[in-house]
Amino acid sequence: MRTLLIVGNWKMNKTASEAATFVGELSRHLSKPPTSVELVVAPPFTALESVRRVLGSESPIQLGAQNLFWETQGAYTGEISAPMLKDLGCRYVIIGHSERRTLFGERGDGIRRKIQAAFAHGLHPILCIGESLAQREAGSTNEVLSQQIHESLSSFTAETLASLTIAYEPIWAIGTGRSATTEQAVAAHQTIRAVLATTASPTIAERTKILYGGSVTTQNIAALLSSDQVDGALIGGACLDVTSFATIIQLASTTRSIGV
Ligand code: 13P
């Protein structure tokens, strides 16, 4: 049984001091954090240290980063490496988000190298994949997902892939208020699992958490998690407000524990 994972991707929001205040409030909202849900926040690099300090070592809220560079150190102005993130207490790192692909030209091999760096330094990569609206309307969603998995993951052994998480984020659903339906998410997750079974192994396909991301709110989280194909959510806008993020977390734990 895969436990639920809820990840807040803050994107380029909140200064270090705003971030510290936010996680302080979030911790108070979650005075009894659900044990059935694993929680991660992914602030900007500049806020990782202040968030870590507020959370302390006992918090159930874990730290993630939004990106990394594949080299360990050197003349790479503006980049951040896996060991740097590890040293700040990060456990997870989001890789290949569609905003990075679209706005910063990230592609298959670069994404593969980033995943390799995450694995090499003990970080859990969250690989983001998803189709554009044009690709969906052309009927090529499955092909796009399959290609994105192959180009980023086919060089790894099944053992290495054991700590991988995948986030299915259809581009047309990100920041648009138009979430995928539960049926659309489930169909995509089934495709991803089938591709993983052949690319890695049936065991890896069974074990890998597949999150849904794209306009997740307090209104649709329960429906999205009603299928056991959806192992959690990668949340953008709705994770920036304490009440809304805390509500999503509570709803996630309730939904799964009563097996809706
Ligand atoms: P929204 O939840 O704002 O649509 O963003 C989703 C996302 O990109 C999370 O990585």
Side-chain angles (χ1 to χ4, degrees), residues 4-14 19 22 26 37-45 47-48 51 61-68 85 90-106 111 114-115 118 123-133 135-136 141 144-145 148-149 152 164-182 184-185 188-189 192 208-225 230-252:
L4 283 182
L5 173 61
I6 301 287
V7 183
N9 175 10
W10 296 12
K11 308 192 179 183
M12 196 175 73
N13 290 290
K14 300 191 193 298
F22 179 90
L26 181 63
V37 184
E38 199 184 338
L39 303 175
V40 175
V41 290
F45 293 135
L48 287 169
V51 168
I61 304 170
Q62 304 174 87
L63 210 48
Q66 299 174 21
N67 184 27
L68 53 62
L85 297 177
C90 287
R91 247 176 91 79
Y92 285 88
V93 58
I94 298 167
I95 293 178
H97 190 281
S98 72
E99 286 151 17
R100 300 229 41 99
R101 293 178 193 250
T102 310
L103 301 171
F104 304 101
E106 292 199 6
I111 292 169
K114 290 184 175 199
I115 291 174
L123 290 163
H124 298 298
I126 301 174
L127 169 66
C128 299
I129 58 175
E131 81 287 359
S132 66
L133 187 58
Q135 289 166 330
R136 172 161 284 267
T141 298
V144 170
L145 296 176
Q148 289 175 336
I149 292 171
S152 303
L164 174 79
T165 296
I166 291 186
Y168 168 60
E169 296 209 313
I171 297 168
W172 48 269
I174 296 177
T176 59
R178 181 186 165 196
S179 164
T181 63
T182 305
Q184 287 171 323
H189 288 210
I192 293 166
T208 302
K209 286 181 193 175
I210 305 177
L211 315 182
Y212 168 78
S215 295
V216 173
T217 65
T218 54
Q219 303 299 310
N220 58 22
I221 185 74
L224 287 161
L225 297 180
V230 182
D231 304 312
L234 181 54
I235 299 162
C239 81
L240 296 173
D241 175 81
V242 170
T243 312
S244 123
F245 192 48
T247 305
I248 286 175
I249 292 165
Q250 298 297 357
L251 285 168

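First listed ligand is number 1; within each ligand, the first listed atom is number 1. Numbers here are sequence positions counted from 1. These numbers come from a predicted model, not from an experiment.
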Would S215 count as a contact residue for ligand 1, given that I'm defining contact as a non-hydrogen atom of the residue lying under 4.0 Å from a ligand atom?
yes
Would you compute the distance between atom CG of N9 and atom OH of Y92 and round it to the nearest 0.5 angstrom?
15.0 Å
The atoms of ligand 1 lying under 4.0 Å from a heavy atom of G236, numbered in the order shown, are 1 (P), 2 (O), 3 (O), 5 (O), 6 (C), 9 (C)
Within the structure, is a non-hydrogen atom of A173 found at a distance of less than 4.0 Å from ligand 1?
yes
For ligand 1, which atoms, with element, lie under 4.0 Å from some heavy atom of K11?
5 (O), 6 (C), 7 (C), 8 (O)
Nearest atoms (heavy-atom pairs only) where C128 meets E169:
SG-OE1, 4.3 Å
Do any N/O atoms on I235 end up under 3.5 angstrom from N/O atoms on ligand 1?
no
For the pair W10 and F22, name the ring-plane relationship: parallel under 30°, tilted 30 to 60°, perpendicular over 60°.
perpendicular
For L234, the ligand 1 atoms with a heavy-atom partner under 4.0 Å come out as 9 (C), 10 (O)
Is there a donor-acceptor pair under 3.5 Å between the side chain of N220 and the backbone N or O of S215?
yes
Counting each atom of ligand 1 from 1 as listed, which ones have a heavy atom of G237 under 4.0 Å away?
1 (P), 2 (O), 3 (O)
Numbered in order shown, the ligand 1 atoms found under 4.0 Å of a heavy atom of N9 are 9 (C), 10 (O)
Non-hydrogen atoms of G214 versus ligand 1: any pair closer than 4.0 Å?
yes
Ligand 1 N/O within reach of E169 N/O, cut-off under 3.5 Å:
yes
Have a look at N67 and tell me which of K114, H97, E99 forms a side chain to side chain donor-acceptor pair (under 3.5 Å) with it.
K114
